[in-house]
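Take a look at the structure below.
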Amino acid sequence: MTTSWRGALAQIGRYTFVSVVLGFFALPLLWLATAPFDRTPTITTSLPEFTLDNFRALLDNPYAVRSLWNSIVLAGGTAALVVTFAALAAYALSRVRIPGRDALLYGLLLLSSIVTGTATMVPLFELAFRLNLIDRQFGVILVLSGGLLPAAIFILKDFMDSTPTSYEESARVFGASPLQIVRHIVLPVVRPGLATVAVWAVAGVWGNFLVPFLLLRSPDKAPAAVIMYTLYTEGGQANLALLSTFSLLYSLPVVLMFVFVSSRYGFRFHGGIKR
């Protein structure tokens with residue numbers, strides 16, 4: 001009897017602990033879901049006095065809605081470049097046996113982890129200035145892509161290594177070119193890996209503040225991560241009505257992307273082949 005009571009108390013304690021932890025993380029999300037519809041939102045979570053005036057006020061902001069589109073352009077462009085070049089480089093590193101291949105790959109990954117974006121901003125700004133890429137979204141896409149490529153190549157190489165080479169050999173027998181093999185044989189097999197890298201790249205760019213803030217000068221080209229810091233009153237206080245509404249709209253694209261990819265692939269990968 002004593003053992004059963006101890007087991008029941010231990011189970012109650014575990015459930016209580018898990019409930020407290022979930023509640024701790026759920027409260028900010030609950031605030032984010034209710035504050036945009038509150039006429040006078042505060043930093044506490046409460047039943048909102050329902051209104052849509054916050055959305056109307058946000059639409060009147062000349063840069064808020066446009067910044068969301070700018071974020072989509074930057075994130076989509078960076079993800080496209082990273083997935084394309086990482087897939088080609090990973091396939092080459094997986095199939096071509098060259099001396100020092102693994103050392104080169106690990107060296108790139110190590111350097112990209114140690115040398116952070118903050119430490120390289122001065123030379124990157126100088127390079128962008130000399131190439132006339134200041135205040136151009138394409139320049140931001142190139143800089144962000146360069147920072148994400150080493151890790152993306154490292155991730156996709158494992159997927160490429162798990163792809164059976166017998167498929168490619170059969171395609172060569174029928175006269176397929178290397179690009180045709182990559183496009184029609186390899187890429188369909190490693191689609192889960194491509195989706196993983198794409199989601200990772202979009203998430204990394206979506207919340208990036210430093211690079212767009214330094215390289216973009218025009219407010220109409222700035223992404224949402226930069227414009228969000230302008231939603232303050234003249235006294236320096238956060239405008240909770242606009243900030244909460246903008247945060248809700250800002251988080252929706254990433255959430256929808258995660259739901260779509262999760263429903264398609266389930267984020268359960270093993271090498272390049274989904275089980």
Side-chain angles (χ1 to χ4, degrees), residues 20-79 116-118 121 134-137 139-141 143-144 147-148 198-262:
V20 171
V21 172
L22 291 178
F24 177 80
F25 287 102
L27 280 177
L29 298 178
L30 182 61
W31 179 87
L32 181 62
T34 58
F37 304 96
D38 195 347
R39 190 176 301 277
T40 55
T42 62
I43 60 174
T44 60
T45 303
S46 60
L47 292 176
E49 185 182 352
F50 186 81
T51 182
L52 294 177
D53 292 340
N54 297 335
F55 291 91
R56 299 188 185 97
L58 187 66
L59 292 177
D60 292 336
N61 188 301
Y63 304 115
V65 178
R66 185 176 180 84
S67 69
L68 293 173
W69 171 250
N70 293 334
S71 293
I72 293 175
V73 171
L74 294 179
T78 302
T116 61
T118 306
M121 281 318 302
I134 298 296
D135 201 28
R136 295 182 61 184
Q137 291 179 336
V140 177
I141 291 175
V143 171
L144 294 174
L148 296 174
V199 171
W200 169 70
V202 170
V205 175
W206 196 259
N208 192 292
F209 169 80
L210 183 61
V211 175
F213 179 74
L214 293 178
L215 298 184
L216 297 177
R217 292 290 179 262
S218 303
D220 59 340
K221 296 180 181 179
V226 176
I227 296 299
M228 183 179 293
Y229 285 85
T230 66
L231 300 179
Y232 291 86
T233 62
E234 295 180 358
Q237 298 295 323
N239 189 332
L240 292 179
L242 292 182
L243 190 60
S244 61
T245 306
F246 188 73
S247 299
L248 180 62
L249 297 178
Y250 178 58
S251 61
L252 282 179
V254 177
V255 173
L256 293 176
M257 178 191 66
F258 174 82
V259 171
F260 171 76
V261 177
S262 179

Quick check for you: to the nearest 0.5 Å, what is the distance between M228 atom CE and L243 atom CG? 6.5 Å
State which residue, out of T230, L68, N54, N61, fulfils the side-chain contact (heavy atoms from CB on, under 4.5 Å) condition with F246. L68
Give me the atom names and distance for the closest heavy-atom approach of S71 to A225. OG-N, 4.4 Å
Using every non-hydrogen atom in the two residues, find where D220 and N70 come nearest and quote the distance to one decimal. O-ND2, 2.9 Å
Between the OG atom in S218 and the CD atom in Q137, the distance rounded to the nearest 0.5 Å is 9.5 Å
Over all heavy atoms of both residues, which pair between G207 and Y250 is shortest? Give the atoms and the distance, please. CA-OH, 3.4 Å
If I take atom CD1 from residue I227 and atom CZ from residue R66, how far apart are they, to the nearest 0.5 angstrom? 10.5 Å
Enter the distance from M257:CE to W206:CH2 here, rounded to the nearest 0.5 Å. 8.5 Å
Verify the ring-centre separation between F213 and Y229: is it less than 6.0 angstrom? no
Drop me the distance from D38's CG to T51's OG1, to the nearest 0.5 angstrom. 9.0 Å
Does the side chain of V211 come within less than 4.5 Å of M121's, by heavy atoms? yes
Check whether any side-chain heavy atom of N208 sits under 4.5 Å from a side-chain heavy atom of P223, and report yes or no. no
Students often mix this up, so state it plainly: with edges at 30° and 60°, are the rings of F37 and F55 parallel, tilted or perpendicular? tilted
Flag, side chain of D135 to backbone of R217, donor-acceptor distance under 3.5 Å: yes
Before giving the answer on side-chain contact (heavy atoms from CB on, under 4.5 Å), spell out for V140 and V205 the whole-Å C-alpha distance, their side-chain angles and the decisive distance to 0.1 Å. CA-CA 10 Å; V140 177; V205 175; over 6 Å; no
Quick check: do L249 and L58 have side-chain heavy atoms less than 4.5 Å from each other? yes
So how far is it from L74 CG to W69 CH2, rounded to the nearest 0.5 Å? 11.0 Å
Taking side chain as C-beta onward, heavy atoms only, is L52 less than 4.5 Å from F50? yes
Worked verdict on V226 versus L216 for side-chain contact (heavy atoms from CB on, under 4.5 Å): CA-CA 10 Å; V226 176; L216 297 177; over 6 Å; no
